[in-house]
Enquirer: 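Okay, here's the structure, questions in a sec.
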Amino acid sequence: MAFKTKILGREALSRKLNALAPAAEAAAAKAKIDVAKEAASLIAAKAPHKSGDYRRSIKGERQADNPTKQPIGGVPSKDPDATAVYAEYIWHFLEFGTKPHVNKGQFAGTQHPGTAAQPHVFPTWRAFRPKALRKVRNALNKAVRQAMGKR
């Protein structure tokens with residue numbers, strides 16, 4: 001026996017959820033921003049630069065509030081409540097390192113020795129992701145239970 005599933009788009013799923021529990025989307029949005037801020041603080045704590053400038057640049061914010069910035073490790077979302085972690089452009093060089101190369105520009109011809117990778121973004125997110133998903137799901141479930149008159 002074959003199972004058939006119908007894939008709903010995000011908009012259709014949001015409409016159904018809002019019909020069931022109008023406060024669910026607002027509860028999820030609050031949980032998402034809390035998760036983004038907590039993820040940013042965890043990533044900042046693991047950041048390799050001790051000077052503080054790079055650490056202070058790591059922030060968890062709504063994507064709608066940062067239309068010109070590129071989120072760490074991703075592309076902007078169409079979700080109006082989407083959140084992301086933002087940092088200075090050097091996060092990529094720190095996370096993955098650089099190869100030895102000959103410099104161009106102002107110091108043309110000089111040799112750059114390269115830098116070793118100092119992973120701090122993705123290992124931290126992979127460890128935090130289950131907790132983050134649980135927080136958002138719990139917020140959604142709580143809003144649905146309240147809408148249904150339970151608890």
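Positions are given from 1 along the sequence. As the structure is a computational prediction, the values presented were derived from the model and not from experiment.
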Enquirer: How far does CD of Glu88 sit from CD1 of Ile72, to the nearest 0.5 angstrom?
Expert: 10.5 Å

Enquirer: Please examine the side chains of Pro71 and Glu61, heavy atoms only from C-beta on, and report whether any two atoms are closer than 4.5 Å.
Expert: no

Enquirer: Identify, with sequence neighbours excluded, every residue that meets side chain to side chain contact (heavy atoms under 4.5 Å, CB included) alongside Pro80.
Expert: none

Enquirer: Does Tyr54 reach the side chain of Leu94, with side-chain heavy atoms less than 4.5 Å apart?
Expert: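 Answer yes - side chains close enough.
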
Enquirer: Which residues pass the side chain to side chain contact (heavy atoms under 4.5 Å, CB included) test with Gln106, not counting sequence neighbours?
Expert: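 Side chain to side chain contact (heavy atoms under 4.5 Å, CB included) list for Gln106, sorted by chain: empty.
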
Enquirer: Test question: given the 4.5 Å side-chain rule for I, L, V, M, F, W and Y, name all other residues clustered with Ile33, or answer none.
Expert: none

Enquirer: Going by salt bridge (Lys or Arg N to Asp or Glu O under 4.0 Å), name the residues that satisfy it together with Arg56, two or more places apart in sequence or in a different chain.
Expert: Asp53

Enquirer: Would you call the rings of Phe96 and His92 parallel, tilted or perpendicular, where under 30° means parallel and over 60° means perpendicular?
Expert: tilted

Enquirer: Any chance you could pull the hydrophobic cluster mates of Tyr86, using side-chain heavy atoms under 4.5 angstrom and chaining through other members?
Expert: none

Enquirer: Sequence neighbours left out, what passes side chain to side chain contact (heavy atoms under 4.5 Å, CB included) with Leu140? Give chain and number order.
Expert: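 Result, side chain to side chain contact (heavy atoms under 4.5 Å, CB included) vs Leu140: Leu17, Ala24, Ala28.
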
Enquirer: Suppose clustering is done on Ile, Leu, Val, Met, Phe, Trp and Tyr with side-chain heavy atoms closer than 4.5 Å. Which residues sit in the same group as Val35?
Expert: Leu42, Trp125, Phe128, Val136

Enquirer: Taking salt bridge (Lys or Arg N to Asp or Glu O under 4.0 Å) as the test, write out the residues that go with Arg62, two or more places apart.
Expert: Asp65

Enquirer: Is the backbone N or O of Pro48 less than 3.5 Å from a side-chain atom of Gln118, with the two atoms forming a donor-acceptor pair by type?
Expert: no

Enquirer: Report the hydrophobic cluster partners of Phe107, with the cluster defined as I, L, V, M, F, W, Y residues connected by side-chain heavy atoms closer than 4.5 angstrom, directly or transitively.
Expert: none

Enquirer: Using the test side-chain hydrogen bond (donor to acceptor under 3.5 Å, both in side chains), find all partners of Thr115 that sit at least two apart in sequence or belong to another chain.
Expert: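 Scan of Thr115 (side-chain hydrogen bond (donor to acceptor under 3.5 Å, both in side chains), adjacent residues dropped) gives Thr98.
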
Enquirer: State which residues pass side chain to side chain contact (heavy atoms under 4.5 Å, CB included) with Pro22; sequence neighbours excluded, sorted by chain then number.
Expert: none

Enquirer: Please check if the side chain of Gln63 supplies one atom and the backbone of Ser77 the other of a donor-acceptor pair under 3.5 Å.
Expert: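 Yes.
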
Enquirer: Scan for side-chain hydrogen bond (donor to acceptor under 3.5 Å, both in side chains) pairs involving residues 30-40, sequence neighbours excluded, and state none if there are none.
Expert: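 The answer is Lys30-Asp34, Lys32-Asp79, Glu38-Lys131, Glu38-Lys135.
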
Enquirer: With a sphere of 6.0 Å drawn around CZ of Phe93, does it hold more than 12 non-hydrogen atoms of other residues, nucleotides or ligands?
Expert: no

